[in-house]
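As a basis for the values below, the full set of heavy atoms in this structure was taken, side chains included, without hydrogen atoms, waters or symmetry mates.
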Amino acid sequence: MKTLCVPAFVILTLVAAVMPLSAHHSWPVSFDRLVTVKGTVVEFRWANPHPMITLEVQANDGRTEKWQVGGPAIIRMESNGWTKTTVKPGDVITGIGYQFADGQKIVRLERVVLADGKEIRLYGR
């Protein structure tokens, strides 16, 4: 019986150690260039794994587009000065970051400029 328990314990320990690593993922963005998206906040979801802001953006051709912009986990955003009330529906903000490589209107934010001109970073200071 002891011979069976040791390998089973080792396997369970390895699986437990690998599970958190498999849960982490990176944003599928193109780091070729920063994009800037300015729009009106429609929704701000303060939730893990990534708080997301839905923006209504005026496109160059005059149409209105919906963009999703977001940052890292809540704890990391809080360490950079964010709270769940930093932005609210109706606010006009400018998001600067990296767009999804497949062209989706989703941006991994590096920083945000609020309507009053205050700039808040999401990664680093």
*Asks:* OG1 of Thr85 to CZ of Phe44: how many Å apart, nearest 0.5 Å?
*Replies:* 8.5 Å
*Asks:* Quick one: side-chain hydrogen bond (donor to acceptor under 3.5 Å, both in side chains) partners of Lys88, sequence neighbours excluded?
*Replies:* Asp91
*Asks:* So Trp67 and Gln99, side-chain contact (heavy atoms from CB on, under 4.5 Å) or not? Walk me through it.
*Replies:* CA-CA 10 Å; Trp67 282 74; Gln99 187 174 357; 3.6 Å; yes
*Asks:* Enter the distance from Phe100:CZ to Lys105:NZ here, rounded to the nearest 0.5 Å.
*Replies:* 13.5 Å
*Asks:* Under a 4.0 Å N-O cut-off, is there an ion pair linking Glu110 with Arg121?
*Replies:* no
*Asks:* Does a salt bridge link Arg63 with Asp61, judged by any charged N lying under 4.0 Å from a carboxylate O?
*Replies:* yes
*Asks:* For Gln68 and Arg45, run side-chain contact (heavy atoms from CB on, under 4.5 Å): C-alpha distance rounded to whole Å, both residues' side-chain angles, the deciding distance at 0.1 Å, then the answer.
*Replies:* CA-CA 11 Å; Gln68 296 287 317; Arg45 286 177 285 140; 3.0 Å; yes
*Asks:* Kindly work out whether a path of hydrophobic side-chain contacts (I/L/V/M/F/W/Y, heavy atoms less than 4.5 Å apart) joins Trp82 to Val92.
*Replies:* no
*Asks:* Please name the residue in the list Thr86, Leu55, Val113 that meets the side chain to side chain contact (heavy atoms under 4.5 Å, CB included) test with Ile93.
*Replies:* Leu55
*Asks:* Among Glu78, Arg76, Met77, find the one that has a side chain to side chain contact (heavy atoms under 4.5 Å, CB included) with Ile74.
*Replies:* Glu78
*Asks:* Between Val35 and Tyr98, does the side-chain contact (heavy atoms from CB on, under 4.5 Å) criterion hold? Intermediate values first, please.
*Replies:* CA-CA 6 Å; Val35 297; Tyr98 298 100; over 6 Å; no
*Asks:* How many angstroms lie between CG in Leu122 and CD1 in Ile120, if you round to the nearest 0.5 Å?
*Replies:* 8.0 Å
*Asks:* Is Val37 reachable from Phe31 through a run of I, L, V, M, F, W or Y residues, each pair having side-chain heavy atoms under 4.5 Å apart?
*Replies:* yes
*Asks:* Are Val42 and Val87 connected into the same hydrophobic cluster when the rule is that any two of I, L, V, M, F, W, Y join if their side-chain heavy atoms are below 4.5 Å apart?
*Replies:* no
